[in-house]
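Everything on this sheet refers to the single structure shown next.
To find a chain, count down the sequence lines: A is the first, B the second, and so on, and within it residues start at 1. From a predicted model like this one, the values you see are computed outputs, not experimental measurements.
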Amino acid sequence: MNKKRLEGYFFGMLTALCWAISPIFIHKGLETLPSPIWGTAIGLMVAALLYLFWYLWKKKWKEVSLPVGNSIYWQIAAGVAGAMGILFRNIALETDQVAIVITLAQTASLFTLILAPFLLGNQLREKITPKLVAGVFFILMGATFIVLGRNF
Amino acid sequence: MGIIYSIGAAIFFSLSVISVRRGVSQLGIFTGTVIMLSGGAVFLFFIALAYDNIQTLMAANFSGFFFFAIAGVIHFLGGWGFQNASASRIGATHVSAMTSVTPLFATLLAFLFMGERVNAYIMVGISLIVFGVYLITTSDKQ
């Protein structure tokens with residue numbers, strides 16, 4: 001495996017680690033601010049402001065190679081879809097068991113396998129191999145067992 | 001209704017990572033992340049205004065803001081930043097699969113810092129995830 005792909009998998013793992021740590025602080029925050037939506041909005045605004053200051057300070061916009069085409073709209077869509085996902089998950093958590101909600105939310109990787117070939121376009125189309133599909137299946141099964149093991 | 005919202009959340013998370021793949025390929029990770037964070041923050045602020053009572057926010061004390069701010073920095077600045085860096089290197093399908101291991105890390109943290117017990121279900125789950133990660137990381141060799 002080349003260095004670029006190795007870094008990609010490592011960053012993917014770090015993403016999962018960040019998403020495993022953040023609920024600890026959300027749980028503490030909900031003790032005095034009992035609104036997951038406002039809490040998430042505050043967290044996202046703080047993160048956006050901190051990153052924006054750093055981005056402007058380091059003049060990172062200079063690294064963009066023009067033309068950017070529709071990429072800006074895709075990134076805005078990514079932020080809106082990510083925020084919608086969190087909103088839907090929080091609404092679900094208000095009415096259903098944590099184990100069910102978390103397990104179903106993990107099926108995002110299945111939907112990505114289904115939707116990616118249609119939405120990525122010809123240039124970025126990714127190869128969906130039987131091994132990749134099997135890997136997603138095993139991870140989802142594993143995540144389901146862990147969620148069940150922690151909740152029952 | 002909770003099940004429908006949960007599946008809806010999964011679809012939106014999926015659409016988000018696919019959009020990231022299309023966006024960061026030209027914008028780069030840093031510019032892509034700043035646009036994603038800003039767009040999401042503005043959108044979620046108006047959703048919060050529409051969905052929840054602003055009095056709840058006004059009644060909160062400093063510690064509530066502080067803990068949500070920390071959570072936001074870890075989840076969005078860290079999580080979305082790493083997701084964008086990962087998507088630009090291995091693609092949307094692979095990064096989406098890798099982030100599904102979140103329950104594994106949550107369990108490890110609970111075991112290490114909260115003394116949570118590991119039962120047979122969790123052991124089976126960990127084994128399946130490790131095998132799944134192996135399959136995904138070696139899938140591009142075909």
Side-chain angles (χ1 to χ4, degrees), chain A residues 8 11-12 14-16 18-20 22 25-26 28-29 32-33 35 37-39 41-48 55 60 71 74-85 88-89 91-92 95-96 101 104 107-109 111-112 119 126 129 131-132 135-136 138-139 142-143 145-146 149, chain B residues 2 5-6 8-10 12-16 19-20 22-23 26-27 30 34-37 39-41 43-44 48 52 56 60 64 67-72 74-79 82-83 85-86 89-91 95-98 100-103 105-106 121-122 125 128-129 132 135-136 139:
Chain A
F11 288 139
L14 286 179
T15 308
C18 287
W19 291 351
S22 63
F25 294 97
I26 291 170
K28 295 284 286 178
T32 51
L33 174 52
S35 167
I37 304 298
W38 272 117
I42 288 164
L44 186 48
M45 284 188 279
V46 169
Y55 179 83
K60 287 289 181 185
S71 302
W74 281 108
Q75 278 307 119
I76 293 171
V80 170
M84 282 296 286
F88 272 44
R89 190 189 62 187
I91 294 170
T95 56
D96 256 320
V101 176
L104 288 174
T107 59
S109 50
F111 286 109
T112 308
L119 297 174
E126 294 166 14
T129 62
K131 234 177 161 181
L132 175 65
V136 169
F138 276 106
I139 288 177
F145 266 93
I146 285 177
Chain B
Y5 277 113
S6 302
F12 277 118
F13 289 142
S14 165
L15 290 172
S16 178
S19 302
V20 161
R22 292 209 65 157
Q26 280 180 287
L27 287 170
F30 301 117
V34 83
I35 293 171
M36 186 181 178
L37 286 169
F43 176 78
L44 200 59
D52 215 340
T56 318
F67 284 119
F68 273 115
I70 301 250
I74 295 168
H75 188 98
F76 298 111
L77 208 156
F82 287 131
Q83 178 190 249
S86 181
R89 288 168 170 81
I90 57 175
V95 71
S96 189
M98 296 306 284
S100 297
V101 306
T102 301
F105 284 119
Y121 278 101
I122 293 173
L128 289 169
I129 286 176
L135 288 176
I136 288 167
S139 65

Quiz item: Where the side chain of B:S16 meets the backbone of A:A78, is there a donor-acceptor pair that is under 3.5 Å apart?
Solution: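 Yes; judged by distance alone, with no hydrogens or angles, the pair exists.
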Could you check whether any side-chain N or O of B:S86 sits under 3.5 Å from a backbone N or O of A:G8, counting only pairs where one atom can act as donor and the other as acceptor?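 Flag set: sc B:S86 to bb A:G8 pair under 3.5 Å.
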Contact leader toward chain B among [options], where contacts are heavy-atom pairs under 4.5 Å:
options	result
A:G12, A:A143, A:A16, A:A48	A:A16
A:V46, A:I139, A:L119, A:L33	A:I139
A:I42, A:T112, A:I37	A:T112
A:L44, A:I76, A:I91, A:V80	A:L44
A:G85, A:A77, A:G82	A:G85
A:T107, A:V136, A:L104	A:L104

Count the heavy-atom pairs under 4.5 Å between each of [options] and chain A, then report the option with the highest count.
options	answer
B:A97, B:A106, B:S96, B:G39	B:S96
B:G8, B:A10, B:G72, B:G64	B:A10
B:G40, B:S14, B:A41	B:S14
B:V95, B:L15, B:V101, B:V34	B:V34
B:H75, B:M98, B:Q83	B:H75
B:I90, B:L37, B:D52, B:I70	B:I90

| query | Using the ring of each side chain (for Trp, its six-membered ring), is A:F88 parallel, tilted or perpendicular to B:F12, with breaks at 30° and 60°? | reply |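 Judged by the thresholds at 30° and 60°, the geometry between A:F88 and B:F12 is perpendicular.
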task: Would you check, one step at a time, whether the test side chain to side chain contact (heavy atoms under 4.5 Å, CB included) holds for B:F68 with A:I26?
output: CA-CA 6 Å; B:F68 273 115; A:I26 291 170; 3.8 Å; yes
Would you mind reporting whether [Y] and [X] have side-chain heavy atoms less than 4.5 Å apart?
X	Y	result
A:F25	B:I74	yes
A:F145	B:L128	yes
B:Y5	A:R89	no

| request: Take A:Y55 and B:F30 through the test ring pair (Phe, Tyr, Trp, His ring centres under 6.0 Å) and record every step on the way to the result. | output: CA-CA 7 Å; A:Y55 179 83; B:F30 301 117; 7.9 Å; no
Notebook entry, point to check: With no hydrogens and no angle check, do the side chains of A:S35 and B:T56 hold a donor and an acceptor under 3.5 Å apart?
Noted result: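 No - no donor-acceptor pair under 3.5 Å links their side chains.
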Next on the checklist: Quick check on B:F67 against chain A: is it the side chain, the backbone, both or neither that has a heavy atom closer than 4.5 Å?
Outcome noted: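 Backbone plus side chain of B:F67, per the 4.5 Å heavy-atom cut-off to chain A.
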